[in-house]
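For reference, positions follow the sequence shown, starting with 1.
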Amino acid sequence: MPASKWLQRTRNIGIIAHIDAGKTTVTERILYYTGKSHKMGEVHDGEAVMDWMEQEQERGITITSAVTTCLWRDHELHLIDTPGHVDFTIEVERSLRVLDGAIGVFCAVGGVEPQSETVWHQADKYQIPKIAFINKMDRLGADFDSTVRQIREKLGATPLVLQMPMGAEVDFTGVIDLLRQQAVRWDDASLGLVYEFMPIPEPYVEEATTRRTQLLETVAEIDDTLMEKYLADETLGPRDLVPLIRQAALQLDLVPVLCGSALKNKGIQPLLDAIVDLLPSPLDVKAVVGHHPVSGEEETRFCSDSEPFAGLAFKVHMDQGRKLTYVRLYSGSVAAGSEIYNGNKQQREKIARIFQMHANKRERRTRVGAGQIVAMVGLKRTGTGDTLCDPEHPILLERIESFEPVISIAVEPRSRADEEKTLLALEKLAEEDPTFRFHQDPDTGQTIISGMGELHLDIVANRLRREYSVQVNVGKPQVVYRETISQAVEADGIFDREIAGVAHYAQVELHLEARERGKGNLFRDLVRDGSIPPSFISAIEEGAMESLDSGVIAGYPMVDVEVAVIGGVFKEQAASELAFKVAASTALQEGCRQAQPQLLEPIMAVEVIVPEEFTGEVINDLNTRKGKIEGVLTKSSVKIIQATVALSRMFGYSTALRSASQGRATFTMQFSHYDSLVEKP
């Protein structure tokens with residue numbers, strides 16, 4: 001088959017959702033029904049193929065994004081199952097960066113939950129077409145229409161309902177396909193492998209007719225020809241509608257909505273059909289644009305094997321001591337054993353082997369081409385977000401955005417023999433995960449590890465023990481604070497010293513003022529009297545901005561500070577970049593001390609879903625943690641409490657919540673913003 005024809009039959013798809021919406025269960029069913037797996041793995045049994053890490057199997061959650069490939073209707077589907085927990089948001093971010101389409105899985109009971117919004121907006125950022133799959137229609141409290149309404153209201157999307165459920169909760173028996181105007185039922189005895197189309201049962205005919213009319217009216221609005229047919233009462237079938245729905249989905253105008261119950265083996269085959277029919281191939285996606293690493297000129301790569309090779313390393317994984325680098329190929333082809341160029345590091349790398357991945361299993365490939373997602377072995381210097389390309393045609397693609405850690409703990413090796421092993425293991429873990437950092441505290445000598453949450457750091461400590469055989473003692477969690485200033489000041493800095501017989505002199509005057517919270521730091525050049533030559537401004541900027549990395553209260557990074565150089569003194573015989581850099585640093589530190597510095601602490605957005613009878617106890621507990629209740633929503637028999645609480649007061653909350661609700665409440669927490677510290681840590 002010609003390469004272009006096969007590319008048209010390729011889908012690079014991610015499965016994204018809030019934790020416990022059923023992503024991994026959906027993926028397991030996809031693998032089973034496409035013949036990739038011969039046994040249906042269950043998350044609750046710890047046997048899911050895609051949750052292959054020991055920690056994933058024990059906890060019943062996805063921690064790392066897993067890649068697999070399967071076939072459906074002669075189309076090759078590259079699937080990435082991503083985590084739903086907020087601590088592992090980077091896994092979603094870097095997966096979406098390289099995908100062409102996504103399936104947003106929603107729990108029919110919980111609807112659009114906080115992390116659902118986060119991952120959905122991450123996909124929006126990369127302009128990724130999406131399908132919504134409303135899962136768990138068999139669960140008590142399932143509400144299809146409420147979830148569709150939340151998709152419209154909370155996500156700002158335009159849902160296009162292609163299916164409606166037949167019944168709900170224990171009465172959920174199948175779905176009604178509004179395109180074909182037929183009911184679909186699955187055979188429980190065959191574990192959902194066998195399913196059949198049949199006439200719509202009488203109790204659902206009226207509702208199905210109404211919903212189909214809404215579907216036709218929505219689609220007719222985007223195409224004049226279809227509108228004419230619709231107004232003329234012509235019969236409109238899938239052949240008329242699917243191409244238009246696909247076009248609208250690719251343009252992000254509509255989000256097709258399907259439903260089912262993955263755990264009960266219902267709804268997966270139509271979802272696979274929708275992936276093939278409605279989501280983009282690599283050829284449907286715009287050509288990637290980057291720039292030349294040396295000249296800076298814009299470069300474009302089209303998805304074709306005849307183009308120069310270009311790919312993005314989006315994930316690094318250490319597997320039994322070997323470094324696996326996951327790469328999305330955007331253009332060209334590459335073979336095992338060939339030499340490639342890392343545009344970010346500006347170094348050549350050699351590919352030892354190439355693998356097609358199926359979770360943690362691999363199939364060797366000698367050559368791979370545009371549109372594929374593979375793992376490469378042998379890339380020693382390549383990290384997450386690096387561009388790999390043809391050495392003769394270098395290009396730099398947009399990097400993957402990372403996130404700053406919000407929580408830290410101290411780890412100490414239990415023996416001297418473990419000390420060196422600990423640092424080596426931490427280096428490998430940090431290479432895998434851009435949101436994980438570690439450093440040694442110069443005052444205490446302790447090794448401090450930082451991450452996105454308690455679970456994130458718990459997993460890291462667990463991996464140190466299991467994968468790297470390093471025994472460590474773990475301290476209590478510490479919050480990563482920030483510092484800022486609260487008033488505008490002007491400050492001078494002078495550097496006057498002789499180094500190795502050479503005089504160095506500079507005087508710098510800075511104006512400092514606070515910026516709006518969350519705006520970040522900013523440097524401005526306001527020298528208008530010529531007192532400092534323009535050639536030294538970059539040295540002043542470097543000195544001032546580096547100095548912001550360590551605040552004057554407790555050494556935490558400073559944020560939301562505007563630094564403006566407004567003047568100084570320049571002596572031609574003694575001026576140097578070093579002098580201006582140090583003078584700027586001195587001025588900034590002095591200015592920050594005068595500007596009423598203050599600590600900022602991370603504030604978390606917390607959402608608690610609790611049965612109505614325990615609402616009072618949960619709100620009281622949040623109040624004792626000095627949380628701010630933002631709202632209390634009612635949904636059937638449960639209350640949804642939305643609050644903002646300082647991270648420092650949320651340690652151990654899961655245990656307290658279980659105690660207050662007899663184990664029946666659940667909560668999610670994600671970083672919201674930094675705000676002034678009320679009590680000193």
Side-chain angles (χ1 to χ4, degrees), residues 3-4 6-7 10 12 67 78 80 90 93-100 125-128 280-317 322-357 365-402 430-432 434 538 542:
S4 60
W6 185 246
L7 274 174
T10 299
N12 291 315
V67 183
H78 300 275
I80 297 185
I90 185 62
E93 182 78 20
R94 59 187 179 183
S95 297
L96 288 172
R97 172 66 179 81
V98 299
L99 291 170
D100 302 326
K125 181 171 70 177
Y126 294 117
Q127 295 188 307
I128 293 177
S281 75
L283 296 179
D284 295 315
V285 180
K286 293 178 182 177
V288 292
V289 177
H291 62 270
H292 194 284
V294 178
S295 68
E297 292 181 7
E298 189 175 285
E299 299 270 344
T300 303
R301 296 286 186 272
F302 293 94
C303 186
S304 167
D305 287 356
S306 60
E307 288 268 304
F309 163 63
L312 189 74
F314 68 94
K315 179 179 167 71
V316 172
H317 176 67
R322 292 181 179 177
K323 181 179 174 181
L324 277 177
T325 305
Y326 287 77
V327 180
R328 161 70 192 263
L329 277 74
Y330 285 104
S331 64
S333 63
V334 69
S338 59
E339 196 173 71
I340 58 176
Y341 184 71
N342 184 321
N344 296 84
K345 305 289 195 303
Q346 298 193 6
Q347 293 178 324
R348 289 175 181 253
E349 295 261 44
K350 188 169 184 179
I351 304 171
R353 290 181 294 282
I354 301 175
F355 296 107
Q356 192 86 61
M357 298 300 295
R365 295 284 183 267
T366 54
R367 176 175 286 276
V368 289
Q372 291 190 278
I373 295 174
V374 296
M376 297 180 179
V377 176
L379 307 182
K380 297 177 181 176
R381 302 173 190 86
T382 299
T384 298
D386 285 354
T387 301
L388 302 173
C389 52
D390 184 335
E392 303 302 317
H393 301 86
I395 186 174
L396 265 182
L397 302 175
E398 179 190 352
R399 287 188 68 86
I400 296 170
E401 182 181 324
S402 189
E431 192 173 2
E432 284 188 37
S538 60
E542 188 177 345

S.K.: Check whether more than 12 heavy atoms from other residues, nucleotides or ligands sit under 6.0 Å from atom CD of Glu339, and answer yes or no.
M.R.: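 Counting other residues, nucleotides and ligands, CD of Glu339 exceeds 12 neighbours.
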S.K.: Mark yes when over 12 heavy atoms from residues, nucleotides or ligands other than Lys125 sit less than 6.0 Å from its NZ; otherwise mark no.
M.R.: yes
S.K.: Quick check on Arg322: does its CZ atom have over 12 non-hydrogen neighbours (other residues, nucleotides or ligands) under 6.0 Å away?
M.R.: no
S.K.: Working to the nearest 0.5 angstrom, can you tell me the gap between Ile395 CD1 and Asp390 CG?
M.R.: 11.0 Å
S.K.: With a sphere of 6.0 Å drawn around NZ of Lys345, does it hold more than 12 non-hydrogen atoms of other residues, nucleotides or ligands?
M.R.: yes
S.K.: Checking side chain to side chain contact (heavy atoms under 4.5 Å, CB included) against Leu388, which of Leu397, Leu379, Leu312 comes through?
M.R.: Leu379
S.K.: With side chain to side chain donor-acceptor pair (under 3.5 Å) as the test, pick out the partner of Asp386 among Arg381, Arg399, Gln347.
M.R.: Arg399
S.K.: Check whether any side-chain N or O of Arg301 sits under 3.5 Å from a backbone N or O of Gly290 as a donor-acceptor pair, and report yes or no.
M.R.: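 No: the side chain of Arg301 does not pair with the backbone of Gly290.
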S.K.: Taking the side chain as C-beta and beyond, is there a heavy-atom pair between Met376 and Phe355 under 4.5 Å?
M.R.: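 They are not in contact (no side-chain heavy atoms under 4.5 Å apart), so the answer is no.
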S.K.: Do we get Arg328 above Tyr326's six-membered ring, with its NZ or CZ under 6.0 Å from the centre and within 45° of the axis?
M.R.: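 That pair does not qualify as a cation-pi contact.
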S.K.: Can you find a pair of side-chain heavy atoms, one from Asp100 and one from Ser281, that are under 4.5 Å apart?
M.R.: no
S.K.: Could you list the residues that satisfy side-chain hydrogen bond (donor to acceptor under 3.5 Å, both in side chains) with Asn344, not counting sequence neighbours?
M.R.: none
S.K.: Please answer whether the main-chain N or O of Thr382 pairs with a side-chain N or O of Lys323 as donor and acceptor at a distance below 3.5 Å.
M.R.: yes
